[in-house]
Trainee: 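Before anything else, here's the structure in question.
Heavy atoms only: backbone and side chains are in, while hydrogens, waters and symmetry mates are out. Chain identifiers are assigned alphabetically (A, B, ...) following the order of the sequence lines, protein sequences preceding nucleic acid strands; residue numbering begins at 1 within each chain.
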Amino acid sequence: MIDINLIREKPDTIRQMLLARQMDASPVDQVLQLDEQRRALIQQTEVLKAERNQVSKEISKMKDAAARQISIGAMRSVGDRIAALDEELRRVQNQLDDLMAFIPNLPDPRTPLGKDEHDNVVIKTVGEIPRFDFEPKPHWDLGPALGIIDFEQGVKITGTRFYVLSGAGARLQRALIAWMLDLHARQGYTEKYTPFMVKGDTLMAAGQLPKFYDNLYKDHEEDLWMVPTAEVPLTGLHINDILDEASLPRYYTAYTPCFRREKMSAGRDVRGIKRGHQFDKVEMYIFCKPEDSPAAFEKMVADAEQTCAGLGLTYRVLQLCTGDIGFGSSITYDIEVWAPGCGEWLEVSSVSNVTDFQARRANAKYRPADGGRARLMHTLNGSGLGMPRTLIAVLENYQQPDGSVVVPEVLRPWMGGIDVIRP
RNA sequence: GGAGGGAUGGCCGAGCGGUCUAAGGCGGCUGUCUUGAAAACAGCUGUGGGGUUACACCCACCGGGGGUUCGAAUCCCUCUCCCUCCGCCA
């Protein structure tokens, strides 16, 4: 949620912002109109409430029964008018809230203008595209041949786009998760284990609802939703909290599976484990003071890069353009690793400064050390990293001519003596 | 799943239709006193909204939502969460 004062004071800025995000700018005018109605109604209703409060107080002291009845009668009709105005106010407020809930965050001035992902900017590439003296295989060939990925079993028990990891494959993914969590701990993040299901309010605070309703899995009888990312429960940790300034910044990291409905098009990314309704991810999350969020963003990008570098993967950093950054983000860098088997760059991380957008929805504030009014925090999130794709990159980059896969050095402590995965 | 008991300001805790403008205490802040500190004393001490150049002032908030009433922390309905006991369960 953005600050409605921004729309009041700088409607043109917001219109331009929506256009830069390839969205319709007309909600701005609707918001302005409803906001005006809302304030007019508040003023009317509050004048009446002040009157009722005062007269009711006088009634309690009245001795004269007749005069008392007259005042009671008068206040009864005032009460009716208040009820009618409040009803109208509620209606206007709801309309306003609905509109505001669909207005995205203001992009950072450094976010480049652009229409879609083609306008994203490559900031840097780290490492060389590896050369193989044999034809590197894609993971959908490597995995089944090694007996570590079973697509048929996934389809059998759940359906298309699900798979089963087996033996060293399952273990390798677990090693990746454990190594990443330990790395982030060394980088200063506190590990959290959160519920994988949350209530609707939590999704609202994180900005997933109402906009991404269609993308979420929900229990059919209770208000329980499967998390689409650990960002959601981590944001939820400080809903309605006022934290001490001294306790900021808060760095959190969490592993969760992620569940996304995603209407996936038939022809796209169908092969392998790149895209599915369920995937594992290690997430980084920061709550901080507004003035600290640009530096926190740089840190988080560096921390995500370290994860790729630690695995010895070639990667590049992209800055997303206005047409491609997420709904709540002001600035986003994606990190992509090179997968030689499928011959493409795979997005394994997306790091965003969400500024106060989630904090306003979540009512997540901090108390300045000087004791002043509570202020909204800034929040940042970033993958560190997304699992199936990291697994793909490891398998495809570390494959040998004979189809075996060398386990990266850093993961070996979790592999139970398996240094090379063989059929 | 069943029965009962709870939810009040940063914390503890009173209030159970009308000086609630929420008692009292603790904590915190400021001041007086003091060389400094402690003690004592005095004052202040939340959130959101409306309004104002800024004040003033006004409205709402006693777990959430709805209702009764001229008037609700207080009465009614409903939901959530916590505690105790029973049942079930990895």
Trainee: Can you tell me the Watson-Crick or wobble partner of B/rG1, both distances under 3.5 angstrom?
Mentor: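 Per the H-bond distance test, B/rC86.
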
Trainee: Whether A/R38 contacts B/rG50 is assessed here as follows: a side-chain N or O lying under 4.0 Å from the phosphate OP1 or OP2. Is that the case?
Mentor: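 Affirmative; the distance criterion is met.
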
Trainee: Should A/R90 and A/D86 count as an ion pair when the cut-off is N to O under 4.0 Å?
Mentor: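 A/D86 and A/R90: not salt-bridged.
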
Trainee: What is the distance from CD of A/E58 to P of B/rG71, rounded to the nearest Å?
Mentor: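 Atom-to-atom, A/E58 to B/rG71, this comes out as 15 Å.
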
Trainee: Considering only the C1' atoms, how many Å lie between B/rU8 and B/rG63, rounded to the nearest integer?
Mentor: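 Looking at atom C1' only, B/rU8 and B/rG63 are 10 Å apart.
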
Trainee: What is the separation between atom CG on A/D201 and atom P on B/rG63, rounded to the nearest whole Å?
Mentor: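 From A/D201 CG to B/rG63 P: 18 Å.
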
Trainee: Determine: side-chain N/O of A/R367 to OP1/OP2 of B/rU47, distance under 4.0 Å, yes or no.
Mentor: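 Yes, because at least one side-chain N or O of A/R367 sits under 4.0 Å from OP1 or OP2 of B/rU47.
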
Trainee: Sticking with atom C1', work out how far B/rA73 lies from B/rA60, rounded to a whole angstrom.
Mentor: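 Going atom to atom, C1' in each nucleotide, I get 14 Å.
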
Trainee: Name the pairing partner of B/rU21, where a pair is Watson-Crick or G-U wobble with both distances under 3.5 Å, or state none.
Mentor: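 Looking at the geometry, B/rU21 pairs with no nucleotide.
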
Trainee: Could you tell me whether the phosphate oxygens of B/rG71, OP1 or OP2, come under 4.0 Å of any side-chain nitrogen or oxygen in A/N53?
Mentor: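 Indeed not, no polar side-chain atom of A/N53 lies that close.
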
Trainee: Nearest-Å distance, CE (A/M75) to C1' (B/rU69)?
Mentor: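 Distance check: A/M75 CE to B/rU69 C1' gives 14 Å.
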
Trainee: Any idea which of B/rC70, B/rG48, B/rA60 is nearest the A/K49 side chain?
Mentor: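 Shortest atom-to-atom distance from the side chain points to B/rA60.
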
Trainee: Between B/rC83 and B/rC12, how many Å separate the two P atoms, rounded to a whole number?
Mentor: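 Result for the P pair: 15 Å, nearest Å.
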
Trainee: When the P atoms of B/rG65 and B/rA72 are considered, how many whole Å apart are they?
Mentor: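 Result for the P pair: 15 Å, nearest Å.
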
Trainee: Determine the interatomic distance between P on B/rG9 and the same-named atom on B/rC62; round to the nearest Å.
Mentor: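 The same atom, P, in both gives a distance of 10 Å.
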
Trainee: Is a side-chain donor or acceptor of A/E231 paired with a backbone partner of A/M284 at a separation under 3.5 angstrom?
Mentor: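 Answer holds: no.
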
Trainee: Is A/R76 close enough to B/rU68 that one of its side-chain N or O atoms is under 4.0 Å from OP1 or OP2 there?
Mentor: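 For A/R76, the contact criterion (side-chain N or O under 4.0 Å from OP1 or OP2 of B/rU68) is not met.
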
Trainee: Less than 4.0 angstrom between a side-chain N/O of A/K365 and OP1 or OP2 of B/rG46, yes or no?
Mentor: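 So the side chain of A/K365 is outside the cut-off, no N or O lying under 4.0 Å from OP1 or OP2 of B/rG46.
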
Trainee: Write down the partner of B/rC55 under the Watson-Crick or G-U wobble criteria, each distance required to be under 3.5 Å.
Mentor: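 Per the H-bond distance test, none.
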
Trainee: Could you tell me how far B/rA14 sits from B/rG25 if I compare only their P atoms? Round to whole Å.
Mentor: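 Approximately 15 Å lies between the P atom of B/rG25 and that of B/rA14.
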
Trainee: Give none if B/rC75 has no partner; otherwise give the nucleotide forming a Watson-Crick or G-U wobble pair with it, both distances under 3.5 Å.
Mentor: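 Per the H-bond distance test, B/rG67.
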
Trainee: Begin from the C-alpha positions of A/R39 and A/D35 and carry the test salt bridge (Lys or Arg N to Asp or Glu O under 4.0 Å) through to its verdict.
Mentor: CA-CA 6 Å; A/R39 282 188 289 169; A/D35 181 50; 3.3 Å; yes

Trainee: One thing to verify: whether A/D29 and A/R15 come together as a salt bridge, which I'm taking to mean a side-chain N less than 4.0 angstrom from a carboxylate O.
Mentor: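 Here A/R15 pairs with A/D29 in a salt bridge, since their nearest N and O are under 4.0 Å apart.
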
Trainee: Side chain of A/R52, base of B/rG18: donor and acceptor closer than 3.5 Å?
Mentor: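 Flag unset: no donor-acceptor pair detected.
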
Trainee: Rounded to the Å, how far apart are A/K57 NZ and B/rA72 P?
Mentor: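 Interatomic distance, NZ of A/K57 to P of B/rA72: 12 Å.
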
Trainee: If you look at every strand shown and take non-hydrogen atoms under 4.0 Å, does A/I42 touch a base, only sugar-phosphate, or nothing?
Mentor: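 Result for A/I42 = sugar-phosphate.
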
Trainee: Would you mind telling me which residue lines up with the more 5' stretch of RNA chain B, A/K199 or A/V47, judged by nearest nucleotide?
Mentor: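 Result: A/V47.
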
Trainee: Does A/R39 have a side-chain nitrogen or oxygen under 4.0 Å from the phosphate oxygens OP1 or OP2 of B/rC59?
Mentor: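 No.
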
Trainee: Considering heavy-atom distances to RNA chain B, does A/R8 or A/K61 have its closest nucleotide positioned more toward the 5' end?
Mentor: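 Of the two residues, A/K61 wins.
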
Trainee: Check whether A/Q399 reaches the backbone of A/K137 with its side chain - one donor and one acceptor, N or O, closer than 3.5 Å.
Mentor: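 At least one qualifying donor-acceptor pair exists.
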
Trainee: In whole Å, I'd like the distance from the CD1 atom of A/I242 to the P atom of B/rG10.
Mentor: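 The distance from CD1 of A/I242 to P of B/rG10 comes to 8 Å, rounded to the nearest Å.
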
Trainee: Working note: A/D119 + A/K115, criterion salt bridge (Lys or Arg N to Asp or Glu O under 4.0 Å); need CA distance, chi angles, decisive distance, verdict.
Mentor: CA-CA 6 Å; A/D119 297 320; A/K115 197 168 181 295; over 6 Å; no

Trainee: Starting at atom CZ of A/R360, determine the distance to atom P of B/rU47, rounded to an integer number of angstrom.
Mentor: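 Roughly 17 Å, once rounded to whole Å.
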
Trainee: Measure from CD on A/Q44 to P on B/rC58 and round the result to the nearest Å.
Mentor: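 After rounding, the gap between these two atoms is 20 Å.
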
Trainee: If I pick the P atom on B/rG48 and the same atom on B/rG27, what distance separates them, to the nearest angstrom?
Mentor: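 27 Å, rounded to whole Å.
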
Trainee: Do any side-chain nitrogens or oxygens of A/Q43 fall under 4.0 Å of OP1 or OP2 in B/rG51?
Mentor: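 For B/rG51, OP1 or OP2 has a side-chain N or O of A/Q43 closer than 4.0 Å.
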
Trainee: Could you let me know what B/rC44 is paired to, Watson-Crick or G-U wobble, both distances under 3.5 Å, or none if it's on its own?
Mentor: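 In the structure as shown, B/rC44 has B/rG28 as its Watson-Crick or wobble partner.
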
Trainee: Salt bridge between A/R389 and A/E336, side-chain N to carboxylate O under 4.0 Å?
Mentor: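 Looking at A/E336 together with A/R389, the answer is no, because their closest N to O distance does not fall below 4.0 Å.
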
Trainee: Taking only the C1' atom of each, what is the distance from B/rG2 to B/rC76 in whole angstrom?
Mentor: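 About 25 Å, rounded to a whole number of Å.
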
Trainee: From CG of A/D80 over to C1' of B/rG71, roughly how many Å is that when rounded to an integer?
Mentor: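 Between C1' of B/rG71 and CG of A/D80: 14 Å.
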
